[in-house]
There are 2 protein chains.
Amino acid sequence: MAPEAQGLDRAIAKLRARDIVSEEEEKVFVASVSDVVEIAAGRTIVRAGASLTHSTVLLDGFACRYKDLADGQRQIQEIHVAGDCMDLHGFLLKSLDHHVGALSGVRIALIPHEALREITENHPHLARLLWFATLLDASIQREHVLSVGRRSALARIAHLFCELHLRLQVAGESNGTTYRLPLTQTDIADASGLTAVHVNRMLKKLRDDDLLTFRGGEVVIHDRDRLERAAEFDPAYLHLERRPR
Amino acid sequence: MAPEAQGLDRAIAKLRARDIVSEEEEKVFVASVSDVVEIAAGRTIVRAGASLTHSTVLLDGFACRYKDLADGQRQIQEIHVAGDCMDLHGFLLKSLDHHVGALSGVRIALIPHEALREITENHPHLARLLWFATLLDASIQREHVLSVGRRSALARIAHLFCELHLRLQVAGESNGTTYRLPLTQTDIADASGLTAVHVNRMLKKLRDDDLLTFRGGEVVIHDRDRLERAAEFDPAYLHLERRPR
DNA sequence: CGACTATTTGACGCCAGTCAACACCGGTGG
DNA sequence: CCACCGGTGTTGACTGGCGTCAAATAGTCG
């Protein structure tokens with residue numbers, strides 16, 4: 001592995017939480033990386049509609065998929081954490097229907113579509129694991145539809161923090177009750193379909209109720225049980241069981 | 001093809017709208033069907049969490065994926081039309097995180113996971129097409145997040161009707177401006193994250209504005225242009241281009 | 001015809017949006 | 001060292017879109 005590709009182990013860890021990944025498959029995956037680049041916070045990583053030749057793996061930092069409406073409203077569809085294959089979807093869609101943006105400074109690995117195609121031809125099990133990774137995105141997005149469509153503002157935000165906590169734990173980026181999350185309240189609002197002002201009010205309530213504190217890009221969970229109940233959080237949709245796929 | 005498997009051609013048509021499907025691939029796909037069953041309106045087709053051995057293709061009728069909250073609120077995450085591979089996701093997830101229900105009477109084909117695995121081992125291009133089909137679901141669900149999170153009630157409903165119109169045209173189930181849609185206003189509400197009462201008000205407004213009429217399970221579009229503008233509908237996310245995948 | 005479900009409409013209430021003012025903070029330059 | 005500045009966070013007053021409740025009407029199936 002090129003030394004700068006460190007962080008790829010997080011992507012492997014994410015898969016290993018769901019199935020066995022052989023040494024050889026790990027090698028094939030790591031070898032498929034053609035390049036590693038850094039991108040500053042706030043920059044666009046992939047623009048909707050652009051013709052794609054590479055997919056990306058988020059090695060470090062936070063990114064998101066999002067769409068805008070004509071009046072300037074933005075909706076974040078999924079927040080990505082280290083280890084996520086962000087636009088593996090682009091491999092077969094050929095162009096993305098949404099933008100991918102850097103929420104913090106990020107480091108990403110590029111994987112040529114040609115290498116992915118190769119994997120589908122010669123490494124069917126690894127191909128199924130990559131397919132699985134895209135299905136996990138879909139599952140996360142479905143839970144997001146539920147949140148935005150039916151949960152109260154408070155529950156939406158609580159749910160988001162629960163989900164990120166668990167996903168970051170899988171990537172090895174959280175000890176028990178704390179994690180870094182360098183997002184603004186506006187980002188949270190764009191993810192949860194609310195306004196920044198109302199997010200602020202709900203964050204205050206979460207603090208006052210002693211459920212969690214989000215300040216200075218850091219989340220501190222005070223009462224995980226009550227937080228999960230407030231969010232009606234059930235981690236089943238993250239499919240955290242190791243099974244043959 | 002078993003005669004009762006008619007309707008599978010709609011699934012093939014859906015793929016052929018996006019890439020070339022060879023005669024042999026079609027044969028392999030059709031041969032993978034082990035059974036065809038009918039299910040009455042309102043019944044559950046797959047329950048969340050159940051252990052799965054088959055995936056399903058919707059041959060006829062309308063179905064949906066949905067989740068419920070504890071207080072009884074329901075959120076439909078995607079409406080499926082004839083030709084959709086509904087829980088191809090279950091092939092690799094092994095158990096679904098959501099329910100699949102029949103919105104009308106439906107006919108579905110069952111495909112054993114074993115046959116799908118076989119396809120990933122021996123027919124990589126066909127496997128990529130099936131992967132693509134699941135990515136299309138993800139894309140539709142992302143647009144759904146945008147709708148529910150940011151569009152007004154009127155735009156949400158207008159968008160839903162635009163999307164279904166186009167998807168039904170691909171399946172050969174709509175002439176120019178009309179299509180069958182045997183859903184109740186409550187179903188529309190559950191899909192769009194609104195209440196049935198408010199859906200009713202918005203449908204009245206769509207009628208009064210002469211954009212479309214939805215009555216008796218039939219949609220009549222009066223002014224497609226203005227409807228699309230009201231919905232801010234852009235079909236790019238349906239990826240209707242025939243390209244090598 | 002009667003029971004049931006779906007649709008329609010009106011009155012009213014509330015959750016979240018809007019608008020606005022102010023505090024905070026790190027960076028920048030005089 | 002401090003004035004300034006843009007981005008972010010905080011709070012209050014007010015508004016409005018959509019939810020809630022309720023009752024009447026229209027279909028539908030036995």
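Just so you know, these numbers come straight off a predicted model, no measurement behind them. Each chain gets a letter, A, B and so on, in the order its sequence line appears, and its residues count up from 1.
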* To do: Mark up nucleotides 21-30 of chain D, 5' to 3', with B wherever a protein heavy atom is under 4.0 angstrom from a base atom, S wherever such an atom reaches only the sugar-phosphate, and - elsewhere.
  => B---------

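Atoms CG and CZ, on A:Leu227 and A:Phe233 in that order, are 9.0 Å from each other to the nearest 0.5 Å. With values rounded to the nearest 0.5 angstrom, B:Leu146 atom CG is found 12.0 Å from A:His98 atom NE2. Between the NZ atom in B:Lys67 and the CG atom in A:Asp234 there is a gap of 8.0 Å [rounded to 0.5 Å].
Of all heavy-atom pairs between A:Gly49 and A:Ser95, the closest is O-CB, 3.7 Å. Contact between A:Asp210 and A:His222 at its shortest, heavy atoms only, is O-CB, 3.3 Å.
Residues from residues 149-160 of chain A placing a heavy atom under 4.0 Å of any atom in DNA chain D do not occur. Within residues 182-196 of chain B, the residues having any heavy atom closer than 4.0 Å to DNA chain D are, in order of number, B:Gly193, B:Leu194, B:Thr195. Contacts with DNA chain C (heavy atom under 4.0 Å) in residues 202-210 of chain B: B:Lys204, B:Arg207, listed by number.
Taking 4.5 Å as the limit, every side-chain heavy atom of B:His239 sits out of range of all side-chain heavy atoms of B:Leu135.
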* Asked: Does the pair B:His159 and B:Arg156 meet the rule for a side chain to side chain donor-acceptor pair (under 3.5 Å), with working shown?
  -> CA-CA 5 Å; B:His159 194 276; B:Arg156 266 181 239 188; over 6 Å; no

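We find that NE2 of A:His198 is positioned 15 Å from P of D:dG12, with the value rounded to whole Å. Rounded to whole Å, atom P of D:dT10 lies 5 Å from atom CG of A:Asn200. We find that CD of B:Gln73 is positioned 13 Å from C1' of C:dC15, with the value rounded to whole Å.
A side-chain contact (heavy atoms from CB on, under 4.5 Å) with B:Ile108 is found for exactly one of B:Leu59, B:Ile39, B:Val100, B:Asp87, namely B:Ile39. Remark: of the listed residues B:Arg151, B:Arg167, B:Arg150, B:Arg151 is the sole one forming a salt bridge (charged side-chain N to carboxylate O under 4.0 Å, His left out) with B:Glu143.
Using a 4.0 Å cut-off between charged nitrogen and carboxylate oxygen, A:Asp209 and A:Arg226 do not count as a salt-bridge pair.
Applying the salt bridge (charged side-chain N to carboxylate O under 4.0 Å, His left out) criterion to B:Glu232, with sequence neighbours excluded, gives no partner residue. Applying the ring-ring contact (aromatic ring centres under 6.0 Å, His included) criterion to A:Tyr66, with sequence neighbours excluded, gives A:His99.
No hydrogens or angles considered: a donor-acceptor pair under 3.5 Å links the side chains of B:Thr184 and B:Asp187.
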